Amino acid sequence: MIIPNQGHLSEEQLTEVRAIAAEFNCTIRPIQGEEMSVYAIIGDETSQLLVNRIEGLAYVKRVDRIQVPYKVLAKGNLHGQAKMIIGGKELGKDFVIIAGHCAIDPKNPNLFYETAQAVKEAGADALRGGVWKPRTSPYSYQGDAKALEILVEARARTGMQVVTEVMEYDEVKLCVDAKVDVLQIGARNALNYRLLTQIGQLTAGTGIQVLLKRSIHMGPVDEFILAAEYIAGAGNHNVMLCPRGTLPSMNGYRNHPDESITQLLKERTWAPVVVDPSHSVGKAQYVPKCALAAAAYGADGVIIESHCRPIQGTGDDPKQSITPAMLAKLIPDLRATAEISRRFN
Ligand code: PEP
Ligand code: MN
């Protein structure tokens with residue numbers, strides 16, 4: 001991290017620094033603040049020669065070598081001062097609830113409109129709805145681009161911001177064009193580093209936020225944060241981390257619940273944590289308590305599958321969606337639990 005002598009580097013100075021970094025196959029990413037800017041060296045900045053050359057420039061105060069492997073998402077840096085807002089609520093200040101279908105059934109749009117209105121009345125801040133679905137079996141419903149129109153229509157009807165999962169470049173493009181508010185990268189693609197980079201590039205500067213699920217195969221907490229760093233490093237800093245259960249699954253639950261890593265994530269990164277209890281425990285009856293646990297562990301929000309008539313749903317909805325009535329009961333307790341948790345910060 002390059003700390004300039006006087007607030008910011010001039011264009012000329014930045015060009016010179018960039019040229020030096022390029023000799024070492026590194027690039028420079030300015031991290032702009034009002035009073036001062038710092039400049040991250042992206043690439044392998046461990047070369048002593050690179051550090052010496054940049055530190056030797058008269059307008060550079062010093063080069064800090066950050067110990068943590070993530071630069072943009074590291075706790076305490078200037079990016080953390082930017083606000084991330086969902087449904088008018090600021091992540092980190094207010095507990096945010098995202099709710100809605102696992103999958104939108106394009107043959108039955110009214111079901112989704114009904115759920116959208118019901119989760120809004122239950123107190124949810126934003127609406128989820130799967131357009132394209134990553135399914136274990138190639139014979140299961142895979143999603144349908146027509147559902148994107150239904151999602152956008154539900155946003156228009158309710159005024160709620162919307163969240164949907166993308167699995168490939170073309171889907172990201174369609175969602176950027178449709179101005180989908182939050183793009184989800186699911187547990188399967190959380191290890192698809194090329195897609196993570198592409199989504200960071202395609203959504204940079206759009207205001208679109210990205211919710212990155214934790215892969216079922218991820219172990220160390222840093223592995224998860226580094227996956228998010230691909231998105232942030234590629235240009236979109238508005239990333240939320242979403243623990244959603246990992247392998248090996250716990251006998252009785254769909255996955256191994258991992259909401260407890262929230263406090264470890266929060267120690268290392270400023271990125272908001274939004275827990276998904278639905279895929280973690282995988283059964284509607286277990287979801288409320290898992291969500292409460294997430295709030296207790298200090299999560300900034302939850303994303304919950306909810307359906308007005310789960311048995312008529314598709315994808316995960318019949319087994320793990322809670323009803324809007326249950327959501328309405330849960331939301332005040334989630335907010336209260338988050339408040340209690342903050343007392344222990
Ligand atoms: C989903 O949100 O419906 C989903 C498929 O999630 P995950 O990637 O966590 O399995
Ligand atoms: Mn699902």
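Read the numbers this way: they start at 1 and go in the same order the structure lists the ligands and their atoms. Bear in mind that the values here come from a model prediction, so they are computed numbers and not experimental data. This chain uses plain numbering: 1 for the first residue, then up along the sequence.
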K.L.:
Quick one: give me the number of protein N/O/S atoms under 2.8 Å from the Mn ion (ligand 2).
P.N.:
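That number is 4, waters not included.
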
K.L.:
Could you report the tightest heavy-atom contact between Thr262 and Tyr297, atom names first, then the distance?
P.N.:
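Residues Thr262 and Tyr297, closest heavy atoms: CG2-O, 3.5 Å.
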
K.L.:
Ring pair (Phe, Tyr, Trp, His ring centres under 6.0 Å) with Tyr113: which residues, sequence neighbours excluded?
P.N.:
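If we apply the ring pair (Phe, Tyr, Trp, His ring centres under 6.0 Å) test to Tyr113, skipping adjacent residues, there are no hits.
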
K.L.:
I need the minimum non-hydrogen distance between Asp300 and Pro272, along with the two atoms involved.
P.N.:
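Where Asp300 meets Pro272 most closely, the heavy atoms are OD2-CA, 3.2 Å.
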
K.L.:
Output the set of protein residues with a heavy-atom contact under 4.0 Å to ligand 1, ordered first by chain identifier and then by residue number.
P.N.:
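Heavy-atom contacts below 4.0 Å: Cys102, Arg128, Lys133, Pro134, Glu165, Gln184, Gly186, Ala187, Arg188, Lys213, Arg244, His279, Glu305.
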
K.L.:
Where does the angle between the aromatic ring planes of His101 and His307 fall among parallel (under 30°), tilted (30 to 60°) and perpendicular (over 60°)?
P.N.:
parallel

K.L.:
CG/Leu91 to NZ/Lys93 distance, rounded to the nearest 0.5 angstrom?
P.N.:
12.0 Å

K.L.:
Listed by chain and number, what are the side chain to side chain contact (heavy atoms under 4.5 Å, CB included) partners of Lys173, not counting sequence neighbours?
P.N.:
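Per chain and number, Lys173 pairs via side chain to side chain contact (heavy atoms under 4.5 Å, CB included) with Tyr169, Leu202.
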
K.L.:
Pick one: which of Ile199, Leu174, Val180 meets side chain to side chain contact (heavy atoms under 4.5 Å, CB included) with Val166?
P.N.:
Ile199

K.L.:
Can you name the nearest heavy-atom pair linking Thr158 to Gln117, along with the distance?
P.N.:
CG2-OE1, 3.7 Å

K.L.:
For the pair Lys75 and Glu267, evaluate side chain to side chain contact (heavy atoms under 4.5 Å, CB included) and give the outcome as yes or no after the intermediate values.
P.N.:
CA-CA 7 Å; Lys75 191 162 178 124; Glu267 249 167 40; 5.7 Å; no

